[in-house]
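See below for the structure under consideration.
All values below come from the heavy atoms of this structure, side chains included, with hydrogens, waters and symmetry mates left out.
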Amino acid sequence: MNVDKLRAEYQELMKQKNVLTSTYKDSEKEVRDLNRKLENLNQYLGRTQPDPAQEQQEKKDTPHL
């Protein structure tokens with residue numbers, strides 16, 4: 001096994017991981033901002049939209065027969 005080759009490959013993978021992590025965090029932030037804007041718009045228009053987190057919890061709490 002070539003240790004230097006493995007180290008170089010590891011460093012390259014870590015760089016890729018850092019880039020992807022940054023992209024993921026930026027995307028999460030954008031989604032939160034867009035959801036907040038959607039909620040504000042729906043409130044302004046007088047629309048009520050069910051909360052997806054609340055719907056998910058209700059599905060878990062409802063027993064299936």
(Q) Is any side-chain heavy atom of Leu38 closer than 4.5 Å to one of Asn42? (A)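 Yes, at least one pair of side-chain atoms sits under 4.5 Å.
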Q.
Side chains of Asn35 and Val31, heavy atoms from C-beta outward: is any pair under 4.5 Å?
A.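 Of all side-chain heavy-atom pairs linking Val31 with Asn35, at least one is under 4.5 Å.
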(Q) Quick test of your reading: applying salt bridge (charged side-chain N to carboxylate O under 4.0 Å, His left out), list the pairs with at least one residue in residues 27-38, sequence neighbours left out, ordered by first then second residue. (A)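 Qualifying pairs, neighbours excluded: Asp33-Arg36.
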**Q.** Hydrophobic cluster of Val3, others only, ordered by chain and residue number, side-chain cut-off 4.5 Å
**A.**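 None; Val3 is a cluster of one.
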**Q.** Shared-cluster residues of Tyr24, by chain and number - hydrophobic side chains joined below 4.5 Å
**A.**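 Once heavy-atom contacts under 4.5 Å are chained together, Tyr24 still belongs with nothing else.
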Show every donor-acceptor pair shorter than 3.5 Å between a side-chain atom in residues 7-23 and any protein atom, with sequence neighbours excluded, or say none if there are none.
from	atom 1	to	atom 2	distance (Å)
Asn18	ND2	Met14	O	3.3
Thr21	OG1	Lys17	O	2.8
Thr23	OG1	Val19	O	3.0

